[in-house]
Amino acid sequence: MDSTTHPFGREEVMAYLDGELAPERAAAAAAHLEQCAECRALAADLRAVTRQMPEWEVEMIPASVQERVLLAASQQKAAEAPVVREGRPAPSRRGMRLLLWGAAFSAAMVFLLMISTPNLLRSRRSVMSDYVAKKQGTMPSAPAASSSSSNYESRDQVSTALSVAPPVAANRASQAASAAKMAGRVAAAETKAGESGPMIVRRASLALLTKEFDAARAALENLVKAHHGYFGELNVQTPASAGRSLGATVRVPAAQLDAVLVELRKLGRVEQENQSADDVTRQFADLTARLGNARETEKRLVEILRERTGRVSDVLEVEQQIARTRQQIEQMDAERKTMENQVQYASVDLRITEEYKQSLETPAPSLGTRINNAAVEGFRDAAELLLGLVLWLLSAGPTLLVVGALLAWPTWKVVRWTRQRFFAPAAAATR
Amino acid sequence: MSSDEELMLEFQKGATEAFTELFQRYAQRLYGFFRRRLDQPARAEELTQDVFVAVLKGAARYEPRALFRTYLYSIAVRMLNVERRKSSREAGGSGSAGEPAQAAQSETSAWVRDAVARLETTEREILLLREYEELSYEEIAQVLAIPVNTVRSRLFRARMALRELLVARQPRTGGA
């Protein structure tokens, strides 16, 4: 067909017959068909083809299919109802899956809680052991747990008081718990970051030598508490033939670092001191910009998903892209929180060593203890000997039995022959 | 009368009657869909059932972004493709299961079936979706994941090929 004589292509004539043209175009097509015999012929051909199609009939669907499908529908409804409407666990796969996810989520929350408040459960016991240890003049590593846990508590108070972002571990939990809440908090953090000046990560390390180790340690703990800091890490070593030592990473609000250092120096003789400051303003701004971009991308993708009704595969692809973007956002967000935390809390690596005083008072065990130890050792030796014997019999016994069985007959023969040869004549002679 | 999409949303809220209604609207059409594309009635039954079960399972995730009909036939086309792949593997590539049914009795019916069978695969699929499933060009494009223009041009080609066959046949049957 020629487009000069026919304003409609052949495919368009077909589209008109199929009702696929826009109303105005359809009206024009109808008018053209009135006039154009060629197009009318094409339309007639197309109609003839379509008329033939219904001839190919298909038998009715068997009723059993309906029964099976509707049964599946009612079963699914029965299985889902308690989960969806009443929130009670049902023995369906869906219910089980929900339960499992719930359990996994709770486990993750508990785990995070344990990380953010370490050894909470042990703290009471360690307070006791701390007390006992102090009485005995030894210093086990358990007090580290108690002190760090108490200081984590104080840190939490600080973080709420100063409305700074809480530590990363707790953040992750809250991210998982509520995306909306997170978005709000992040927005607040963003405005905060915009207001503040350069972002500097401050670090210091300090090595001290002290004569009064216990006093220094107590003073350290009070100091950290007073400045609303916390122990990132704390180790106490009590070797038998050397002075005690304490290694700690103390996190204190950056603004108070100088004051803290001044007070720390008073705890003993300073053997070594280092300070450093890294400017991370640009990195932070960069990260914030990337985060903003990623959020924007996510928003656009969600809009695409909401507005476009594309193919199923496209929808799936968009959903995957959203998931990927969200993952990136979470990573960047965590990175940002870590950086903020580093800026807000300066870190001090502290090492306190006790001046070692050689002492002759090696602890001599009491008589009762020595008797007790001797008795225990004696009993243990006896038991081990007995056990060793039994074990040896069990391992060597079978071999011995076989060897014995093999040797028994020839031995018996030799014994008999010897008896007969040497003793029987003698016996006979005596008779 | 509620639309398919409204029924699906009602079913999401727990109304089994809504699903029954959807089943009654589409069961025969869907069975026809498989029956015209596979030679075993039993497989057509099973696949019809499978499509509805897939709808049941996916009901919680269903969002009325596209027409329910498009959603349903997309599932059906996917299952059909899986079935064809499976049967061609089992038959070592010779695959008779992919051929249309032998269910028809009348001569015209046989003619239509044979003529459709001679079409190129995609053209046949487009024609069947248009003539029997009565999907719009846009819906066919979505279900088969091809552009709308392709649907139109290939549908035209398919119909023209059928017309040639019809013309060739008419002298034999005395212009019936």
Side-chain angles (χ1 to χ4, degrees), chain A residues 9-15 17-21 41-42 44-81 83-85 93-94 305-315 318-319, chain B residues 11 14 16 19-20 23-24 27-28 30-32 35-36 41 44-46 48-49 52-53 56-57 59-60 64-67 70-71 74-75 78 100-101 103-106 108-113 115-116 127 130-132 136-138 141-143 145 152-153 155-156 159-160 162-163 166-167:
Chain A
R10 287 147 60 89
E11 288 176 15
E12 221 168 358
V13 172
M14 177 189 77
L17 294 178
D18 282 335
E20 293 273 346
L21 287 187
L42 173 66
D45 282 346
L46 288 167
R47 285 198 185 105
V49 169
T50 300
R51 263 202 308 278
Q52 296 281 320
M53 303 310 288
E55 295 291 335
W56 184 6
E57 284 176 344
V58 166
E59 69 276 7
M60 290 301 287
I61 183 169
S64 58
V65 177
Q66 175 164 1
E67 283 162 21
R68 287 197 295 264
V69 171
L70 296 183
L71 182 70
S74 57
Q75 275 172 353
Q76 170 159 326
K77 189 186 170 191
E80 262 184 9
V83 177
V84 175
R85 304 226 185 94
R93 270 170 64 189
R94 192 184 150 80
L305 200 61
R306 197 180 301 134
E307 286 167 8
R308 305 268 171 89
T309 53
R311 286 182 270 130
V312 175
S313 63
D314 285 352
V315 170
V318 173
E319 276 176 355
Chain B
F11 176 59
T16 317
F19 184 77
T20 311
F23 179 85
Q24 275 155 4
Q28 183 59 38
L30 207 54
Y31 179 66
R35 197 65 193 91
R36 288 195 179 89
E45 263 176 54
E46 283 165 12
T48 308
Q49 185 181 323
F52 280 107
V53 170
L56 274 178
K57 283 187 179 161
R65 283 195 214 105
L67 288 178
T70 320
Y71 174 66
S74 296
I75 299 175
R78 221 163 27 222
Q105 290 87 28
S106 75
T108 330
S109 165
W111 171 79
V112 173
R113 199 185 59 221
V116 168
L127 183 90
R130 173 69 214 169
E131 296 290 352
Y132 296 106
S136 70
Y137 294 180
E138 179 69 42
Q142 282 180 21
V143 167
R152 195 166 87 165
S153 61
L155 179 62
F156 185 78
R159 279 173 167 160
M160 286 297 108
L162 278 186
R163 189 193 61 155
L166 181 65
V167 170

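So that the names make sense, note that chain A is the first sequence line, chain B the second, and so on, each numbered from 1.
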Q: Could you tell me which portion of A/Thr50 (side chain, backbone, both or neither) has an atom closer than 4.5 angstrom to a non-hydrogen atom of chain B?
A: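 Both parts, backbone and side chain.
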Q: Tell me which of these, B/Arg78, B/Gln24, B/Arg152, has more heavy-atom pairs under 4.5 Å with chain A than the rest.
A: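 Option with the top pair count is B/Arg152.
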Q: Quick one: closest heavy-atom pair of A/Ala73 and B/Thr16, and the distance?
A: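 Here A/Ala73 and B/Thr16 meet closest at CB-CG2, 4.2 Å.
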Q: Just so I know, are the side chains of A/Gln52 and B/Trp111 near enough to count as touching, which here means a heavy-atom distance under 4.5 Å?
A: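 SC-SC contact between A/Gln52 and B/Trp111 confirmed.
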Q: Which of the residues A/Glu12, A/Met60, A/Glu20 is involved in the greatest number of heavy-atom pairs with chain B at under 4.5 angstrom?
A: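 Ranked by contacts with chain B, first place is A/Glu20.
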Q: Are the side chains of A/Val65 and B/Glu46 in contact, using a 4.5 Å heavy-atom criterion?
A: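 A side-chain contact under 4.5 Å is absent here.
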Q: Roughly how far, to the nearest 0.5 Å, is CD of B/Gln28 from CD of A/Gln66?
A: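 Spacing of CD (A/Gln66) from CD (B/Gln28) equals 11.0 Å.
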Q: Provide the closest heavy-atom pair for B/Ala27 versus A/Ile61 in the form atom of the first, atom of the second, distance.
A: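 It is O-CD1, 3.9 Å.
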Q: Can you name the closest pair of heavy atoms from B/Tyr137 and A/Ala15 and give their distance?
A: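 Nearest heavy atoms, B/Tyr137 then A/Ala15: OH-CA, 3.5 Å.
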Q: Relative to chain A, which segment of B/Leu127 carries a heavy atom at a distance below 4.5 Å: side chain, backbone, both, or neither?
A: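 Side chain of B/Leu127 only, per the 4.5 Å heavy-atom cut-off to chain A.
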Q: Check step by step if side-chain contact (heavy atoms from CB on, under 4.5 Å) holds for A/Leu70 and B/Phe19.
A: CA-CA 8 Å; A/Leu70 296 183; B/Phe19 184 77; 4.1 Å; yes
Q: As an exercise, state the distance from CE of A/Met14 to CZ of B/Arg130, rounded to the nearest 0.5 Å.
A: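 Result: 8.5 Å between the selected atoms.
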Q: Could you tell me which portion of B/Phe23 (side chain, backbone, both or neither) has an atom closer than 4.5 angstrom to a non-hydrogen atom of chain A?
A: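 Contact with chain A: side chain only.
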Q: Work out which heavy atom in B/Leu155 is nearest to a heavy atom in A/Asp18; give both atom names and the distance.
A: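 That would be CD2-OD2, 3.8 Å.
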Q: Under 4.5 Å from any heavy atom of chain A, what part of B/Gln49 do you find: side chain, backbone, both or neither?
A: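 Backbone plus side chain of B/Gln49, per the 4.5 Å heavy-atom cut-off to chain A.
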Q: Decide yes or no for B/Met160 and A/Leu42: does some side-chain heavy atom of the first lie under 4.5 Å from some side-chain heavy atom of the second?
A: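 Contact flag for B/Met160/A/Leu42 side chains = yes.
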Q: Please round to the nearest 0.5 Å and tell me the distance separating atom CZ of A/Arg10 and atom CZ of B/Arg159.
A: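 The CZ atom of B/Arg159 is 13.5 Å from CZ of A/Arg10, to the nearest 0.5 Å.
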Q: When heavy-atom pairs shorter than 4.5 Å are enumerated against chain A, which of B/Ala59, B/Ser136, B/Ala141 gives the highest number?
A: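 Highest number of heavy-atom pairs under 4.5 Å: B/Ser136.
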Q: In terms of heavy-atom pairs under 4.5 Å with chain A, which of B/Pro41, B/Ser153, B/Ser74 leads?
A: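 Among the listed options, the one with the most contacts to chain A is B/Ser153.
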Q: Could you pull out the closest heavy-atom pair between B/Tyr132 and A/Met53, with the gap in Å?
A: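 So the two residues come closest at OH-O, 2.6 Å.
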